[in-house]
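All values derive from a computational prediction rather than experimental measurement.
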Amino acid sequence: MALCNDYGRWNRAIVQWATRGVPHGTPVYLSVDEEVLAGLGLGTVEDFCQAVRSQVVVGDRVQLSALQNHGSPEPAGVAFLALMVLAANDMMRDDKLDAKDFFTHFRKRLGVSGDNRPIGMKEERLWQEWNRWLEERGWIATAKPGEGSRKYVNYPISQALLRKADVQRLCRVFYERKWTTARSETKLLVDLASEENLNRHLAELLDDRQRHEVLGAEILAVHQEWLDAGCPEPKRFSRAFQPPTRLIAGLYRTEDRWGNPEFYLYPKTPRHWAVGEVTVENLGSLRSERAGWFCPVGAPLSARDVTTGRSWPIRGHAYLRELQLLAQDFWVLVPDPENAESGALATWGAPQLGSHFTLLFREALWPDLQRLQEESLLQWSGERQRAFAEKSDWWEIQECQVLAPVWDGLFLQHPELKEALQPRDRLHIALGGGLRVPQGQGWLEGHLPKVTVYGFQPTVAVTLTEVRTGSIYLPEDHRSTNQPWDLPADLPPGTYQIQVRGGTAHQERFLKILSWGDLSLASLE
């Protein structure tokens, strides 16, 4: 059974929505709801359900064989998986997380009567293909199975982020607490974590630190929309699938000829939206540098710019109105996730376990940082240094590294610092060196990277598997943590899964090896 045209259009649009503007090395969630589907411009939510229904339903059975190994540029089963996530959002609309309800909502969306698992459901392979497709392109896959009876329904449940009920609850907090000025993602996460009147779904999301990077961006987007709407009462705020009105900037650090630090605006591209040409007043046109980021722009920022925040008007754009640098008390500057050897530092995300980073901070945070050092939770190289040539209360410390995984009993004067620095994983697989193909495409055959598994236990079990054939190259090989080691030198081109286990911790990463003949194709793409 070939893909029908309507199904294929929905499938491509959802893949593009899920990955557009998402930086490589960061998580991707297939968090599809009614607003997202309606905003894709292909029809109504029922049109979407009908397209999936026509593709996979035969009588009272589900037939998924046409969605597996289809050979299209993107996985063919994503639209079907999106319908599963839509059903998961339906299931949790009343704040219930009971997996028994899932198939009732799923069958209703699919147009198949009954309340149990439909005949022919073999969807796990589609989730695995979606995860593999993301990992091969440099993103972090997030769909995971559950345990026992929740094994399969946990895949879509793991993808559901903010629902309508969650947005309303967030806006109630914003309104009641009078959060009427712009806040950073970290500030929002920390302040919400102390709220007692959150529903169970929001509370569980906030407890899951591995989701914080994407969850923070989603909550920030809701807060910005609420601010743009004039900070209304929750019952008067209705979130639609609307484009953002502003770009948020991070920082990009470099040094002048004398070795003094300089900090530049580093604008983010909005997740899920194609922005086209953007012209910022006094800064000129923004050029795309990589997925999720424009090139650094403008002159070096002053201490005053970073202290008070600043905004620049955007001219002539369909929906963007300004570029904004939010006022924050500190900035975490990490190595380039696509080329750690380059020496570049920017706000590319939270520091990975084992990596070294630079921290730009105000004087008020120094006692907290000294306490982290005294508790053997954080170390850095040398003394703190002035961050700006002009007199200010901004400092920086370099070659920072987190030393321990457990920060639970720690209370700081600035809890945002704990949120930003506390490890989110107990293991991290780093690939360094070799000859890397740009834009997360992989490494060239014969010029492979070294592997370092960072963790807090002395050794981990490592398995290396070629994905297509299932050939195992390192069967449960034990390796020391925090030390680089070589991959087998004769690995042929292909996609490999590196799995590591240490105690109860587990981590995996995909490695793509290209031949010289593949290089031109990858570059053209």
Flag the pair [X] and [Y] as a salt bridge only when some basic side-chain nitrogen lies within less than 4.0 angstrom of an acidic carboxylate oxygen.
{"X": "K187", "Y": "E419", "answer": "no"}
{"X": "K151", "Y": "E123", "answer": "no"}
{"X": "R287", "Y": "E277", "answer": "no"}
{"X": "D208", "Y": "R424", "answer": "no"}
{"X": "E396", "Y": "R253", "answer": "yes"}

Without placing hydrogens or testing angles, list every side-chain donor-acceptor pair under 3.5 Å for residues 491-502, not counting sequence neighbours.
| from | atom 1 | to | atom 2 | distance (Å) |
| --- | --- | --- | --- | --- |
| T495 | OG1 | E136 | OE2 | 3.2 |
| Y496 | OH | P492 | O | 2.6 |
| Q497 | NE2 | E508 | OE1 | 3.2 |

Practice item. With side-chain contact (heavy atoms from CB on, under 4.5 Å) as the test, would you mind laying out the steps for L325 and L251 before giving the verdict? Key: CA-CA 9 Å; L325 177 71; L251 295 185; 4.0 Å; yes

**Study point:** side-chain contact (heavy atoms from CB on, under 4.5 Å) between V460 and L427, intermediate numbers included
**Key:** CA-CA 9 Å; V460 289; L427 291 172; 3.8 Å; yes

[atom2] on [Y] to [atom1] on [X], rounded to 0.5 Å:
{"X": "I14", "Y": "L30", "atom1": "CD1", "atom2": "CG", "value": "7.0 Å"}
{"X": "E218", "Y": "D166", "atom1": "CD", "atom2": "CG", "value": "11.0 Å"}
{"X": "L410", "Y": "R371", "atom1": "CG", "atom2": "CZ", "value": "5.0 Å"}
{"X": "T452", "Y": "R479", "atom1": "OG1", "atom2": "CZ", "value": "11.0 Å"}
{"X": "S381", "Y": "I397", "atom1": "OG", "atom2": "CD1", "value": "10.5 Å"}
{"X": "L474", "Y": "L464", "atom1": "CG", "atom2": "CG", "value": "5.0 Å"}

Check your understanding: Is the Lys NZ or Arg CZ of R362 less than 6.0 Å from the centre of W395's six-membered ring, within 45° of the axis?
Key -> no

For [Y], is there any backbone N or O sitting under 3.5 Å from a side-chain donor or acceptor partner on [X]?
{"X": "W127", "Y": "P156", "answer": "no"}
{"X": "T358", "Y": "Q398", "answer": "no"}
{"X": "K144", "Y": "N154", "answer": "no"}
{"X": "N260", "Y": "A389", "answer": "no"}
{"X": "T465", "Y": "V467", "answer": "no"}
{"X": "R509", "Y": "E135", "answer": "no"}
{"X": "H212", "Y": "L206", "answer": "yes"}
{"X": "Q401", "Y": "H356", "answer": "no"}
{"X": "S471", "Y": "E466", "answer": "no"}
{"X": "N11", "Y": "A79", "answer": "yes"}

Do the non-hydrogen side-chain atoms of [X] and [Y] ever get within less than 4.5 Å of each other?
{"X": "L283", "Y": "L323", "result": "yes"}
{"X": "E375", "Y": "Q370", "result": "no"}
{"X": "R271", "Y": "V214", "result": "yes"}
{"X": "L359", "Y": "W331", "result": "no"}
{"X": "L320", "Y": "R246", "result": "no"}
{"X": "W485", "Y": "V462", "result": "yes"}
{"X": "T463", "Y": "Y473", "result": "no"}
{"X": "V278", "Y": "S285", "result": "no"}

Do you know which two heavy atoms are closest between [X] and [Y], and how far apart they sit?
{"X": "A160", "Y": "R211", "answer": "O-NH1, 3.4 Å"}
{"X": "L162", "Y": "D33", "answer": "O-OD2, 4.1 Å"}
{"X": "L378", "Y": "C400", "answer": "CD1-CB, 4.3 Å"}
{"X": "A303", "Y": "W394", "answer": "O-NE1, 3.8 Å"}
{"X": "A420", "Y": "F330", "answer": "CB-CE1, 3.6 Å"}
{"X": "P423", "Y": "R209", "answer": "O-NE, 3.7 Å"}

Practice item. Report, as yes or no, whether the 6.0 Å neighbourhood of atom CD on E383 holds more than 12 heavy atoms from other residues, nucleotides or ligands. Key: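 No, not enclosed.
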
Exercise for review: Starting from the C-alpha separation in whole Å, work towards a yes-or-no answer on side-chain contact (heavy atoms from CB on, under 4.5 Å) for L417 and T186.
Suggested key: CA-CA 9 Å; L417 197 62; T186 305; over 6 Å; no

Review point. Should the ring pair Y454 and H428 be called parallel, tilted or perpendicular, given that the plane angle runs from 0 to 90° and is split at 30 and 60?
Key: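 Plane angle under 30°, so parallel.
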
Check your understanding: Which word best sums up how the rings of F361 and W366 line up, parallel for under 30°, tilted for 30 to 60°, or perpendicular for over 60°?
Key -> parallel

Exercise for review: Walk me through it: do Q128 and N131 pass the test side-chain contact (heavy atoms from CB on, under 4.5 Å)?
Suggested key: CA-CA 5 Å; Q128 293 168 347; N131 283 349; 5.6 Å; no

**Study point:** Sub-6.0 Å ring centroid separation between W133 and W130
**Key:** yes

Check your understanding: Under 6.0 Å between the ring centres of Y266 and W293?
Key ->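 Under 6.0 Å, so yes.
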
Exercise for review: Give me the one residue out of H414, Q373, E416 that meets side chain to side chain contact (heavy atoms under 4.5 Å, CB included) with D368.
Suggested key: H414

Review point. So among H506, Q210, Q352, which one has a side chain to side chain donor-acceptor pair (under 3.5 Å) with D425?
Key: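 In the set H506, Q210, Q352, the residue that makes a side chain to side chain donor-acceptor pair (under 3.5 Å) with D425 is Q210.
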
Point to revise | Residue pair Q159 / T142, side-chain donor-acceptor N/O under 3.5 Å | key: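 The answer is yes; a qualifying pair exists.
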
Review point. Please walk me through it: do T19 and W139 pass side chain to side chain donor-acceptor pair (under 3.5 Å)?
Key: CA-CA 9 Å; T19 58; W139 289 298; over 6 Å; no

Practice item. Kindly indicate, with the supporting measurements, whether the criterion side chain to side chain donor-acceptor pair (under 3.5 Å) is fulfilled by E213 and T26. Key: CA-CA 8 Å; E213 188 165 1; T26 60; 5.2 Å; no

Check your understanding: Passes salt bridge (Lys or Arg N to Asp or Glu O under 4.0 Å), E185 versus K268? Steps please.
Key -> CA-CA 13 Å; E185 296 176 18; K268 298 180 181 179; 3.8 Å; yes

